[in-house]
Every structure is written in structure tokens, then in C-alpha cells.
Amino acid sequence: MKLKSSEDHQQIGELSRSLGVTTRTLRLYEQMGLIDPPQRTEGGIRYYTKGDIQRIKFVLKLKELGLSLQQMQELAEIYHETKMPDTIMPRLIELLDSHTDAIHRRIGKLSSLARDISEYRKRIVDFYSIPR
């Protein structure tokens, strides 16, 4: 298969560099079903279309937002059942809300820990008369 132009596709190495991920990561996402297998040249070289790249960027955004690979795999399975991106949105909202709640709980625990550390530090300074 002949490739049109670099605007129509990217090979795996070029794409991984432009997105700041490894080729291994892209192969893992393919293996897990997070992205569809890309087309290949006659020589077996993977190349990704604009649609493929958009999907990979979506997966990377979900990763950046803190979703686990398993959660992303669940979303991919929902998508593969219907082939309609809108069908994953209600579940995505649930996952994001849950993740946001967990972050807020963690922030509360870290704030409490920071207060405890400050109080403990103050007691040490006061007890040993250490200059502040």
C-alpha cells in the first residue's frame, strides 16, 4: 500500500515522538483495545490516520486526567459495542466524578497531615527551644 502524504498519516515512530509517548505505549494501547489496530504498509509498518491520532490523543487525555487503563478499557468496550462515541459519555462522566471525589478526599487528608506536621514541628521547636 502506498501512502499519500505525511499530512494523511504518521508512522509509529514519528507519532510517538510527536505525542511524547513510546512506541511500546502505542502498541500496548492497541493490544488492550484502547485504539484500533492501525493500517500497515506492504512492509508491515504501522501508520496512523488523522482519526487514529485523534483517538490516541483522547486516550492520552483520559490518562492525564487520572483514569486507569482498566477504566479506559471499559470505555473502549462500550464504544466497540455501539461504534458511537456519545455512548461512552455518561460512563465517562461517572468515572470523572468519582475521580474528582477521590482527589478531594485525598486533598482533605493531605491538608490534615500538613496541619499535624506543623503542630508536631511547633512542639519540637518549643520543647527544645530551637530558634525559628
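Side chains are part of it too, since the values below use all heavy atoms of this structure and drop only hydrogens, waters and symmetry mates.
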Item checked: Of Met84, Met89, Gln73, Arg91, the residue whose pairing with Ile78 passes side chain to side chain contact (heavy atoms under 4.5 Å, CB included) -> Arg91
Notebook entry, point to check: Would Glu30 and Arg27 satisfy salt bridge (charged side-chain N to carboxylate O under 4.0 Å, His left out), going step by step from the backbone distance to the final call?
Noted result: CA-CA 5 Å; Glu30 178 186 340; Arg27 289 187 195 102; over 6 Å; no
Atom pair [atom1] ([X]) and [atom2] ([Y]), whose distance is rounded to the nearest 0.5 Å:
{"X": "Leu60", "Y": "Met72", "atom1": "CG", "atom2": "CE", "result": "8.0 Å"}
{"X": "Asp97", "Y": "His99", "atom1": "CG", "atom2": "NE2", "result": "11.5 Å"}
{"X": "Arg17", "Y": "Gln11", "atom1": "CZ", "atom2": "CD", "result": "9.0 Å"}
{"X": "Ile93", "Y": "Ser98", "atom1": "CD1", "atom2": "OG", "result": "12.5 Å"}
{"X": "Phe58", "Y": "Leu34", "atom1": "CZ", "atom2": "CG", "result": "10.5 Å"}
{"X": "Arg55", "Y": "Ile35", "atom1": "CZ", "atom2": "CD1", "result": "8.0 Å"}

Next item on the list: Consider only side-chain N and O atoms of Asp52 and Thr49, and report whether a donor and an acceptor are under 3.5 Å apart.
Entry: yes
Notebook entry, point to check: Are Arg105 and Asp101 close enough for a salt bridge, meaning some N to O gap below 4.0 Å?
Noted result: no
Check: Are Lys122 and Glu119 within salt-bridge range, i.e. N to O under 4.0 Å?
Finding: no
Looking at [X] and [Y], would you say the former's side chain and the latter's main chain have a donor-acceptor pair under 3.5 Å?
{"X": "Ser118", "Y": "Ala114", "answer": "yes"}
{"X": "Ser111", "Y": "Ile107", "answer": "yes"}
{"X": "Arg121", "Y": "Ile117", "answer": "no"}
{"X": "Arg115", "Y": "Leu110", "answer": "no"}
{"X": "His80", "Y": "Gly33", "answer": "yes"}

Checklist line | Atom of Gln71, atom of Gly66 and distance for their closest heavy-atom approach | finding: OE1-O, 4.4 Å
Notebook entry, point to check: Does atom NZ of Lys109 have more than 12 heavy-atom neighbours, drawn from other residues, nucleotides or ligands, at distances under 6.0 Å?
Noted result: no
Margin query: Between Tyr48 and Leu26, is there a side-chain heavy-atom distance shorter than 4.5 Å?
Written below: yes
Check: Can you tell if the side chain of Ser16 reaches within under 4.5 Å of the side chain of Thr23, non-hydrogen atoms only?
Finding: yes
Joint hydrophobic cluster, [X] plus [Y], side-chain heavy atoms closer than 4.5 Å:
{"X": "Leu95", "Y": "Ile103", "answer": "no"}
{"X": "Leu15", "Y": "Ile45", "answer": "no"}
{"X": "Leu19", "Y": "Tyr47", "answer": "no"}

Next item on the list: For Leu96 and Leu67, run side-chain contact (heavy atoms from CB on, under 4.5 Å): C-alpha distance rounded to whole Å, both residues' side-chain angles, the deciding distance at 0.1 Å, then the answer.
Entry: CA-CA 8 Å; Leu96 292 174; Leu67 268 64; 3.6 Å; yes
Next item on the list: I would like to know whether Glu74 and Tyr79 meet side-chain contact (heavy atoms from CB on, under 4.5 Å); could you show each step before the answer?
Entry: CA-CA 9 Å; Glu74 176 189 346; Tyr79 173 76; over 6 Å; no
